[in-house]
Amino acid sequence: MIPLSRSGKEVGCRRMDEHGATVMPLGPRFKRRDRGCRGVREGDRMVRWTEQCIPTLRESPQDAEIPSHQLLLRAGMIRKLAGGLYTFLPLGLRALRNVERIVREEMDRAGALEILMPALHPREVWDRTGRYDVLRDVMFKIKDRQNRELVLGPTHEEIVTDLVAREINSYRQLPKNFYQIQTKFRDEIRPRFGLMRAKEFIMKDAYSFDVDSDAADKSYKAMFDAYVRIFARCGLRTKIVEADTGAMGGSSSHEFMVLADSGEDGLVECDACDYAANLERAESVSHAARSFDGAEGAVEEVDTPGARTIAEVAAFFKTDPARMIKTLVYLADGKPVLILVPGDRDVNEIKLARALQASELVMADDDRVKEITGAPVGFAGPVGLTGFRLVADEKLKGYRGGITGANKADKHVINVDLERDVPGLAYADIVFARGGDGCARCGGTLQEKRGIEVGHVFKLGTKYSEQLGAHYLDEGGKQHPAVMGCYGIGVTRTLQAVIEQSHDKDGIIWPPSVAPYGVEILVISAQHAESIQLGERLAAELDEAGVDVLLDDRDERPGVKFKDGDLIGLPVRVGIGEKSLARGVIEIKIRATGEMRECSPEAALETILEMIGANGP
RNA sequence: CGGGGCGUAGCGCAGCCUGGUAGCGCGGCAGCUUUGGGAGCUGUAGGUCGUGAGUUCGAAUCUCACCGCCCCGACCA
């Protein structure tokens, strides 16, 4: 129960009943509704602002940085309990339910079956795949009174696979795709940006089970297509990128990104073909081989006292860091490997591990570096170093006139021509791609962008089904592990992404499909009887027509109501005031376009419905 | 976990350097006036200045420790 002051009032909340809920009318009406702005729940009805709880804020709370987070708070949609933990207020919850509804409808349409798994799991389930250790740090771990170890589920591969292992026996029962919309718990290293990265958040997760990888590909494609529809229906423009599979394992995956400067993920897209990939994954080539001054000279040792980092050495030689050949010592499955990359580039360890076919890859510590190169950290170089595996980034191909460590303290070598001076060097793409690189597919140029990951689809293979015994019998009675896929959508994050992508200086601009209400009726003066009566009547009519209406009946100054209206950003705003009424008209304004129309009160219902239709999903 | 910043009334902030018992704007409440883009006047309520310890006659202010929050990084299904 919401604690209320004795008067039953609290920050803009009025007329709450003893259960802390707004008073509901008797006997819900049941209506068929198929549009977001036309209803979330059966039995909805026109809502008066004075009876709702929409605590808008004039100013942004200081701990909100990005527009969507500020607007969620200012529009009275969410409130913070603690870092990464938020309460959804009525307006925010309505929008969230709309996203959920779209997700649910599209998952159902795609043939997925909704279930609901526990959020609380016994540790043993996670031990069975070894992921207790993998995910140890992100899982919230608790004990019950019997001292049994439990975790709050960060994801559900183990749980669903265990279910399938018990319930699915025959190829006749496949394919199956189970999904749920449920709260996930992750002990994020750094929660941030409101709902964007929270410790507790709502996720739609789906898991497909198929007889073989061809069938699994079909399931994957079905989910991929469903995701395209889901995000389109949410009014989002998404970019689909190739992604790394990370701790999930599996063979391939795609992420659905909402492009935004505040996005946490970097990605590149080609300006010539349709290649796009997460930076963790992106392949790229250099546009041209690099040759520098002194390219013709012989390798020469130079004293570089105290110059250890790339920046220091570049400064010493008064040259570009790109001219340096950065030499790093890694241990690949325990064996030392020298890795060469351009001085202005960072090693992508995911790519490197793949290139080396190493299952464990760590940087050598200072002692090992000294042991291997014969020099302290900062002076490693490939020239003359034998007996070790050497791998260079392919962007170093044709590098001439480079500068690198001499494997002696305080010394570097110049005029390095890798082909000449380091014979037999192997090349691979092992650095992070970046904007301006060449596209590995078509040779076009990659553009670097940032995005919010709202969806992620994976082909998982048989990793989990084998470990958890999710086998089925084929026609010949032979046992096979089911081939799996998994598919996630960050529901709460998607909601925030909608706002991040659709707002202006005045507030949110809701796509109709997600908007908490379809129409706001703004009665300019609550004192003016004719206005308020007309507002109520029109609200009732719209309600009857299946449109969710918020009636701003507050006794506030017009400016306050207009500002709040823009802030909460419902798709259509109907203004009813004495002045326009004197001319026999009311005003209808589309939030997204600013388009304004006037019509007579008699024609209002029809006009509004028409405008919603024209601007609907 | 490393680096940086911030914690003073519901929200946004000043005061802190140079110690003397807390202030501004918005918001709340009451009244009057006002009513088409965040009104005006009057009155009023509201703060153990994040917590704890220390220095001092005296601490929001100085010192130390802790807690919380935000940003950057590492990490990320």
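So that the names make sense, note that chain A is the first sequence line, chain B the second, and so on, each numbered from 1.
- You'll find that the side chain of A:Arg192 is closest to B:C72, out of B:C11, B:C72, B:C69.
- At a cut-off of 3.5 angstrom, counting only N and O atoms as typed in the model, there is a donor on one side and an acceptor on the other between the side-chain of A:Arg573 and the base of B:G37.
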What does the list of N/O pairs under 3.5 Å between the protein and nucleotides 23-26 of chain B look like, with a distance for each?
from  : atom 1 : to      : atom 2 : distance (Å)
B:G25 : N2     : A:Glu59 : OE1    : 3.4
B:C26 : O3'    : A:Arg58 : NH2    : 3.4
B:C26 : O2'    : A:Arg58 : NE     : 3.1

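- Taking only side-chain atoms of A:Asp566, from C-beta outward, the nucleotide of B:G36, B:G37, B:C70 with the closest atom is B:G37.
- Per the geometry, CG belonging to A:Asp346 stands 13 Å off C1' belonging to B:A74, to the nearest Å.
- The partner of B:G20 is B:C57, by the rule that a Watson-Crick or G-U pair needs both atom distances under 3.5 Å.
- Nearest nucleotide to the side chain of A:Pro61, out of B:G36, B:C11, B:C70: B:C11.
- Residues A:Arg104 and A:Glu114 are paired through a salt bridge, judged by an N-O separation under 4.0 Å between the basic side chain and the carboxylate.
- Among the protein residues, A:Lys80 comes within range of the sugar-phosphate backbone only, with heavy atoms under 4.0 Å from sugar or phosphate atoms but none that close to a base.
- Between A:Ala604 and A:Ile586 the shortest heavy-atom distance is CB-CD1, 3.3 Å.
- Position along RNA chain B of the nearest nucleotide to A:Lys563 versus A:Val138 favours A:Lys563 as the more 5'-ward residue.
- Nucleotides B:A53 and B:A60, compared at atom P, are 14 Å apart to the nearest Å.
- The base of B:G38 sits with one of its N or O atoms less than 3.5 Å from a complementary donor or acceptor on the side chain of A:Arg74.
- The pair A:Arg597-A:Glu587 does not meet the salt-bridge criterion, since no charged nitrogen lies less than 4.0 angstrom from a carboxylate oxygen.
- Applying the 4.0 Å criterion to OP1 and OP2 of B:G36, one finds that A:Lys579 has a side-chain N or O inside that range.
- Within the 4.0 angstrom heavy-atom criterion, only backbone atoms of the sugar-phosphate kind lie near A:Gln62; the bases stay farther away.
- Between A:Arg190 and B:C71 there is a side-chain polar atom (N or O) within less than 4.0 angstrom of OP1 or OP2.
- For a distance-only test at 3.5 Å, the side chain of A:Ser60 fails to qualify as a donor-acceptor partner of the base of B:G12.
- Side chain A:Arg197 to base B:C76: a donor-acceptor pair is found below 3.5 Å.
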Please list each protein N or O that sits under 3.5 Å from an N or O in nucleotides 32-34 of chain B, with the distance.
from  : atom 1 : to       : atom 2 : distance (Å)
B:U34 : O2     : A:Arg557 : NH1    : 2.4

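- Using a 4.0 Å cut-off between charged side-chain N and carboxylate O, A:Lys326 and A:Asp393 make no salt bridge.
- Using P as the reference atom, B:A59 and B:G50 are 15 Å apart when rounded to the nearest Å.
- For the pair A:Lys459 and A:Tyr220, the cation sits on the ring face: its NZ or CZ lies under 6.0 Å from the ring centre, inside 45° of the axis.
- In this structure, A:His121 and A:Trp126 have parallel ring planes: the angle between them is below the 30° cut-off, well short of the 60° mark.
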